[in-house]
Amino acid sequence: MKIVNEFYFSIVPEWLIESNASDSAIREYSALCRFADKDDGSCFPSHMTIGKKCNKSVSTVKRALKELEKIGAITIEPR
């Protein structure tokens, strides 16, 4: 086995991995961590940008974001 390692990474909390969250939601959480501001955690990527990063459709991104908000992993605030 060979693990490909790049310079960028995200840390996903154990409670999220053990939750009922879908694989898409966990993957999107990881992508959002890469976009997040280091001081306050805010991020504003478009649904399309998240979808491209995670190789998911915009509708899948929207569903996963709602799922993450429902379990308290993220807070969504309109800009």
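Every value quoted in this text rests on a predicted model; they were computed, and no experiment measured them.
- For Asn20, there are no side-chain contact (heavy atoms from CB on, under 4.5 Å) partners at least two apart in sequence or on another chain.
- Listed by chain and residue number, Thr49 satisfy the side-chain hydrogen bond (donor to acceptor under 3.5 Å, both in side chains) test with Ser46 (two or more places apart in sequence, or in another chain).
- To the nearest 0.5 Å, the span separating NZ on Lys52 from OG on Ser57 amounts to 13.5 Å.
- Between His47 atom NE2 and Lys56 atom NZ the span is 15.5 Å, to the nearest 0.5 Å.
- If you chain together ILVMFWY residues whose side-chain heavy atoms come under 4.5 Å of each other, Tyr29 ends up grouped with Val12, Trp15, Leu16, Ile17, Ile26, Leu32, Ile50, Val61, Leu65, Leu68, Ile71, Ile74, Ile76.
- The nearest pair of heavy atoms linking Ala36 to Gly41 is CB-O, 3.7 Å.
- Considering all non-hydrogen atoms of both residues, Ser42 and Asp40 come closest at OG-OD1, 2.8 Å.
- Rounding to the nearest 0.5 Å gives a distance of 12.0 Å between SG of Cys33 and CD of Glu28.
- Scanning for side-chain hydrogen bond (donor to acceptor under 3.5 Å, both in side chains) contacts around Asp23 gives an empty result, with sequence neighbours left out.
- For Ser22, the side-chain hydrogen bond (donor to acceptor under 3.5 Å, both in side chains) criterion is met by Glu67, not counting sequence neighbours.
- Listed by chain and number, the residues in a side-chain hydrogen bond (donor to acceptor under 3.5 Å, both in side chains) with Arg63 are Thr60 (sequence neighbours excluded).
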